[in-house]
Amino acid sequence: MVLEATMICIDNSEWMRNGDYSPTRFQAQSDAVNLICGAKTQSNPENTVGVLTMAGKGVRVLVTPTSDLGKILACMHGLDIGGEMNLAAGIQVAQLALKHRQNKKQQQRIIVFAGSPVKYDKKVLEMIGRKLKKNSVALDIVDFGEEEDGKPEKLESLLTAVNNNDSSHIVHVPSGPSALSDVLISTPIFTGDGEGGSGFAAAAAAAAAGGLSGFEFGVDPNLDPELALALRVSMEEERARQEAAAKKAAEEATKQEKEEGQQSTSQDAAMTENVSTAVSEAENKTNDLMDDENALLQQALAMSMDDPAAAASVTTRDTDMSEAAADDQDLALALQLSVQEGTKDEGSQTDMSKLLADQSFVSSILASLPGVDPNDPSVKDLLASMQSQSESQQEKNEEDKEKNEDDKK
């Protein structure tokens, strides 16, 4: 790879406003400069490029030789157009800038864009060319635009004076539909002298600036087939990696959806089971309560109908209570009190029966009541029935008493 320090001289005179080169001469020149800067910096990492203008108020250095392509391209924006091109002054300032380059091992090269008439004579230009040759400075000339006053011949004389071992070149680009950069891509200004493969750098720079080369990945397979193959393989690997990553992401998303569905199903089943268990427990409790109520109701009905079986169950319960009372004094006391209350009730019933048996007492009570006639037949019948009931109840009580005494014996 050629190690070079390059200064590019731009023509920003009034002649650059013409539109014979699409879209204008100045814009076509700017595109070509951008491509050349990219080609030079990519052909060797240690290459440097500087830019200066040759018109306007005077020669002005926009950027000194540097390897920062961004800085080089940024200096092209917002340039003023005006005045006349000063070719001789521009070349001399460019030579001075190359003389003060940091890396003295870099070869020196000047690229001149001449789109306006050249006002200098051949002798002056030849003298400048010999000086460049003496200082080992190569010169490339891009002749486009105006062709008046023998401009092509003057530039040819300059090239002949500076050329050394065919290290300098000149390209005449006529106006036409083709862009200036398209024409320069196939010239030695881009492809170089075959040293260091600067042709690939030119193609890559063209691709980076808009894909003007027309080749896949910006590389001409004819110039560098190995690099073109490597880029193609790398692109295929990257595409396969992206497809695998997308497939994996889709599988993970599907798996996650399935897991979420299973979790929701298990939760629903658990909730259903809990609800069923609660309902069954509630039904069991309800059935138990209903069974207890039915048993109590049946027992009450049996007792009300003087059912012997119910009476037997009550007697059995009383016996159980008596046995329990033998072990518990408090319970025995409670049972004794309840028996005394029952005895009192029986005594009161007996007294009531005795009172009803006394007819004189009942008659006096009825006579004292207002509106009641003791001699009324209905009243007499009522008293007679009450006396008979009281006598039967008294006889029954006496029989129960005798029976209890027999049981105790």
**Message:** Nearest 0.5 Å, please: how far is CZ in Arg25 from CZ in Phe144?
**Reply:** 7.5 Å
**Message:** If we ignore hydrogens and angles and just use 3.5 Å, is the side chain of Lys104 paired with the main-chain N or O of Lys99 as donor and acceptor?
**Reply:** yes
**Asked** Looking only at heavy atoms, what is the nearest atom pair of Cys9 and Ile110, with distance?
**Response** SG-CG2, 3.9 Å
**Message:** Would you say that Thr6 contacts Pro65 through its side chain, given a criterion of any heavy-atom pair below 4.5 Å between the two side chains?
**Reply:** no
**Asked** Under 3.5 Å, is there a donor-acceptor pair between the side chain of Arg17 and the main chain of Gly82?
**Response** no
**Item:** Val137 vs Lys131, side-chain contact (heavy atoms from CB on, under 4.5 Å): CA-CA, chis, key distance, verdict
**Value:** CA-CA 9 Å; Val137 179; Lys131 186 177 180 180; over 6 Å; no
**Message:** Taking the side chain as everything from C-beta on, heavy atoms only, tell me whether Ser116 gets closer than 4.5 Å to Glu84.
**Reply:** no
**Asked** For Glu146, does the CD atom sit with more than 12 other heavy atoms under 6.0 Å from it, leaving out its own atoms?
**Response** yes
**Asked** In terms of heavy-atom contacts, does CD of Glu147 have more than 12 from other residues, nucleotides or ligands at under 6.0 Å?
**Response** no
**Message:** Distance check, rounded to the nearest 0.5 Å: Ser22 atom OG versus Asp182 atom CG?
**Reply:** 10.0 Å
**Message:** Between Tyr21 and Gly145 (side chain of the first, backbone of the second, donor and acceptor by atom type, cut-off under 3.5 Å), is there such a pair?
**Reply:** yes
**Prompt:** Is the closest side-chain heavy-atom distance between Asn103 and Leu3 below 4.5 Å?
**Reply:** yes
**Message:** Within the 4.5 Å heavy-atom criterion, are Met54 and Val112 side-chain neighbours or not?
**Reply:** yes
**Prompt:** Would you say Lys57 has more than 12 foreign heavy atoms packed within less than 6.0 Å of its NZ?
**Reply:** no
**Message:** On a heavy-atom basis, which atom in Leu159 and which in His169 lie closest, and how many Å separate them?
**Reply:** CD1-N, 3.6 Å
**Request:** Walk me through it: do Leu52 and Arg60 pass the test side-chain contact (heavy atoms from CB on, under 4.5 Å)?
**Result:** CA-CA 5 Å; Leu52 61 82; Arg60 184 164 64 98; over 6 Å; no
**Prompt:** Can you find a side-chain donor-acceptor pair between Asp11 and Ser13 that sits under 3.5 Å?
**Reply:** yes
**Message:** Less than 4.5 Å apart, side chain to side chain, heavy atoms only: is that true for Leu158 and Glu126?
**Reply:** no
**Message:** Can you tell me if Asn135 has over 12 outside heavy atoms packed within less than 6.0 Å of its CG?
**Reply:** yes
**Request:** Please name the pair of heavy atoms, one in Met16 and one in Asn12, separated by the smallest distance, quoted to 0.1 Å.
**Result:** CG-CA, 4.0 Å
**Message:** I'd like to check Leu184 versus Val142 (side-chain heavy atoms, cut-off strictly below 4.5 Å). Are they in contact?
**Reply:** yes
**Item:** Distance-only side-chain donor-acceptor flag, Tyr120 / Asn86, under 3.5 Å
**Value:** yes
**Request:** I would like to know whether Thr66 and Val49 meet side-chain contact (heavy atoms from CB on, under 4.5 Å); could you show each step before the answer?
**Result:** CA-CA 5 Å; Thr66 178; Val49 180; over 6 Å; no
**Working for side-chain contact (heavy atoms from CB on, under 4.5 Å), residues Gln106 and Glu4** = CA-CA 5 Å; Gln106 292 174 326; Glu4 280 186 340; 5.7 Å; no
**Prompt:** How about Cys37 and Asn34: do any of their side-chain heavy atoms sit closer than 4.5 Å?
**Reply:** no
**Request:** Grab the two heavy atoms, one from Ala28 and one from Leu180, that are nearest each other, plus how far apart they are.
**Result:** O-CD2, 3.9 Å
**Asked** What's the shortest heavy-atom distance between Ser67 and Thr48, and which atoms?
**Response** N-CG2, 4.0 Å
**Asked** To the nearest 0.5 Å, how far apart are CE in Met85 and CD in Glu14?
**Response** 14.0 Å
**Asked** Once you round to the nearest 0.5 Å, how far does CD1 of Ile91 lie from CG of Leu125?
**Response** 7.0 Å
**Request:** Would you mind reporting whether Asp143 and Val171 have side-chain heavy atoms less than 4.5 Å apart?
**Result:** no
**Message:** Any side-chain to backbone donor/acceptor pair from Asn44 onto Glu46? Under 3.5 Å, distance only.
**Reply:** yes
**Prompt:** More than 12 non-hydrogen atoms from neighbouring residues, nucleotides or ligands closer than 6.0 Å to CD on Glu153, yes or no?
**Reply:** yes
**Distance, nearest 0.5 Å, that separates NZ of Lys151 from CD of Glu156** = 12.0 Å
**Complete:** d(Leu62 CG, Ile10 CD1) to nearest 0.5 Å is 6.0 Å
**Request:** Mark yes or no for whether Asn18, through its side chain, and Asp20, through its backbone, hold a donor-acceptor pair below 3.5 Å.
**Result:** no
**Request:** Could you tell me whether the side chain of Arg101 and the main chain of Gln107 form a donor-acceptor pair under 3.5 Å?
**Result:** no
**Prompt:** For residues Asn47 and Ser43, is any side-chain donor paired with an opposing acceptor at under 3.5 Å?
**Reply:** yes
**Whether Asn163 side chain and Ser168 backbone form a donor-acceptor pair below 3.5 Å** = yes
**Asked** What's the shortest heavy-atom distance between Ile141 and Leu155, and which atoms?
**Response** CD1-O, 3.8 Å
